[in-house]
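Lettering follows sequence order; numbering is per chain, from 1.
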Amino acid sequence: MPDSTDPMAARAEKLRAIREQGLDPYPHHFQRTHTAEQIGERFAELEEAETVAVAGRLRSLRPMGKTTFGHLEDASGRVQLYLRRDDLGEAYPLVKLLDLGDLVGARGKVFRTRSGEISVRVAELVLLAKTLRPMPVVKEKDGQVFDAFTDREARYRWRYLDLMVNPETRDVFRRRAGTIRALRRYLDAHEFLEVETPVLQVVYGGALARPFRTHHNVLDCDLYLRIAEELPLKKLLVGGLERVYELGRVFRNEGVDRHHNPEFTLLEFYWAYADYRDAMDLVEDLFRTVAREVTGGLLLPQRAITDGEEGPARERPAIDLEPPFARRPMLALIREVTGADVLAMSDGALRTLAVELGGALPGSPPRGKLIERIFDLAVVPNLIAPTFVIDHPKVVSPLAKAHRETPDALVERFELFIGGQEFVNAFTELNDPHEQRRRFEEQRELREAGEAETHPLDEDFLRALEQGMPPAAGVGIGVDRLVMLLTGATAIKDVLLFPHMRTLEGEGLGEEDRVAHREGDREGDRE
RNA sequence: GAGCCGCUAGCUCAGUCGGUAGAGCAUCGGCCUUUUAAGCCGAGGGUCCUGGGUUCGAUCCCCAGGCGGCUCACCA
């Protein structure tokens, strides 16, 4: 039942009235001459001189009888509109049919009001798009914000509303774009070639994670969405592209929380004739360069994390990228914190230690998994200052080359931790095809023993290695987390424009669409 | 996956020691030709998340479920 005071019904009624007056509520074009910012910047020359044309969204309306004030907002900022019946004449009643959020264009002279605000005295007002839904009403006075649009769910689900009313959200995504630009610029400058490899793969690989599965109808085969970029990029090293990178989306069928989204942006680069030490030098320089470019400095303030609604905020210290990043072997860090020499311990003792630290693992995990687990529990939370953790257990790194000094137990690998978070994973790449095959087979044994996350054997990749891959370093950087670091964000959802959310009722494919897709399948089968 | 918290008008929230509800903003009407969280006067607006249970009676108490947020655990 329509309610006379329902905002949507009111807007629909205004739309009808506008059409009735012969006005087009959704015209095709508006010739804008100035942005809001330009009007402020060039006020001296514009004042009472040429006619300007501005366009944007109405963010405030203050009708006072035969005069109305309002603010128009475009991508550059806001400018006040001064609408007078004497100026607009027959067009003035249109003002009554406007709502907050409508997109309008206005032409007129620029002036300063009695209270000093730079404004456009509107001689011509054009509706550019009528809005049918109310937008969040956020008011502001003396820098204080009233009725802020802070509901996290609403902000994530309807990001356009968040972007409309929260300037800091726009800043986050400008900074995200800046981060990606800086990463590209850095790698391009170091003569890495940007490439694109398939997202849909017959065999997934390059990481230990569970994949999303999909199906190709015409070929009638299952495909996986990639969980990493690694294997195709290494094939390019075989092909003679000595420095390659890919900045792309990968998909992991795992948990969703403050640090994880089912799809995320991963940067991987591969560097022939380099090893993990070279890569560490490069990564350290890359982090500083990108941080400087994006934030202007190397000291990165982090926002506090709140414990629940009422709970106390947990302060997070600023991250300083200035001092050299520490480089510490994983086993040495474990020994420092727990006193345990994990390499010398029996499997049973390792398990006992892991349980003591609060992390029981299901099944009978291999030593390497237990060591990694102990590391995650005992060491990681304390790795606040940027730290390269180096030389990991072999079994958890099936694609990394054995350590040149401890080849039986360790690999040449590093992870960069900052603020207790992993940002980079890299290693000296394994390029011995026989050794790679043995590692894959080891993974298969683990899988058969009940390990959930193992690396599948990829014959096509082994074939490429058999063709000869140069010694190389490979690096993976979690771009979303890097953006979090550079923006101080506390949740990955805050740096994704459209983070994954559970579907609401009425969202997703309707039954009719699903039927249509099934029809499509049959058509595919016939061909 | 576990724990805690929340779900009341379009929005943000208050409230009912169990007797079917209220504020501000928004909306609608009136006044107002330099206002700016504009102001003043008036009005309308609610399956109090869903389903069970207890009760004479549930928005409130109990149970189950849904959705969300936060925290912890885990994969980046």
| field | Steps toward side-chain hydrogen bond (donor to acceptor under 3.5 Å, both in side chains) verdict (A:Thr169, A:Asp162) | value | CA-CA 7 Å; A:Thr169 301; A:Asp162 188 26; 3.0 Å; yes
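- For the P atoms, the distance from B:G19 to B:C11 is 26 Å, rounded to whole Å.
- B:C48: no Watson-Crick or G-U partner with both key distances under 3.5 Å is found in any strand.
- Checked against a 6.0 Å centroid threshold, the rings of A:Phe417 and A:Phe375 count as neighbours.
- Counting heavy-atom neighbours within 6.0 Å of A:Arg133 CZ, excluding the residue itself, gives a total of 12 or less.
- Pair assignment for B:G24: B:C11, on the basis of Watson-Crick or G-U wobble contacts that are both within less than 3.5 Å.
- Both A:Arg210 and A:Phe149 sit near RNA chain B, but only A:Phe149 has its closest nucleotide nearer the 5' end.
- In the set B:C70, B:U27, B:U34, the nucleotide with an atom closest to the side chain of A:Arg152 is B:C70.
- Ring planes of A:Tyr82 and A:Phe69: parallel class, angle under 30° (limits at 30 and 60°).
- Counting non-hydrogen atoms of neighbouring residues, nucleotides and ligands closer than 6.0 angstrom, the CZ atom of A:Arg213 reaches no more than 12 such neighbours.
- In this model, no side-chain donor or acceptor of A:Glu117 finds a partner on the base of B:U34 within 3.5 Å.
- Separation of the A:Phe414 and A:Phe388 ring centroids falls under the 6.0 Å cut-off.
- Summarising the geometry, the separation between CE on A:Met64 and C1' on B:C40 is reported as 12 Å, rounded to the nearest angstrom.
- Closest contact between the side chain of A:Arg258 and the listed nucleotides B:C32, B:C72, B:C70 involves B:C72.
- Between A:Phe69 and A:Lys493, the residue whose closest nucleotide on RNA chain B is further toward the 5' end is A:Phe69.
- In the set B:U27, B:U33, B:U35, the nucleotide with an atom closest to the side chain of A:Lys14 is B:U27.
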Could you list all N or O pairs between the protein and nucleotides 22-25 of chain B that sit under 3.5 Å apart?
residue : atom : partner  : partner atom : Å
B:C25   : O3'  : A:Lys139 : NZ           : 3.3

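- For B:C70, the paired nucleotide is B:G3, the pair qualifying as Watson-Crick or G-U wobble because both relevant distances are below 3.5 Å.
- Closest approach to the A:Arg373 side chain among B:C74, B:U27, B:U35 is made by B:C74 (side chain taken as heavy atoms from C-beta onward).
- The main-chain N or O of A:Ala36 is found under 3.5 Å from a side-chain atom of A:Asp74 such that the two form a donor-acceptor pair.
- Listed candidates were B:A73, B:C28, B:G69. Nearest to the side chain of A:Leu377 is B:A73.
- Between B:G10 and B:G46, the two P atoms lie 8 Å apart (nearest whole Å).
- Put simply, A:Arg11 has no side-chain N or O that comes within less than 4.0 Å of OP1 or OP2 on B:U27.
- The base of B:U35 lies close enough to the side chain of A:Arg62 for a donor and an acceptor atom to sit less than 3.5 Å apart.
- Distance CG (A:Asp86) to P (B:U34): 11 Å, rounded to an integer number of Å.
- To the nearest whole angstrom, the two C1' atoms, one in B:U27 and one in B:U33, are 25 Å apart.
- For A:Asp99, the listed nucleotide lying nearest its side chain is B:C28; candidates were B:A38, B:G69, B:C28.
- Pairing partner, B:C61: B:G53, with both Watson-Crick or wobble hydrogen-bond distances short of 3.5 Å.
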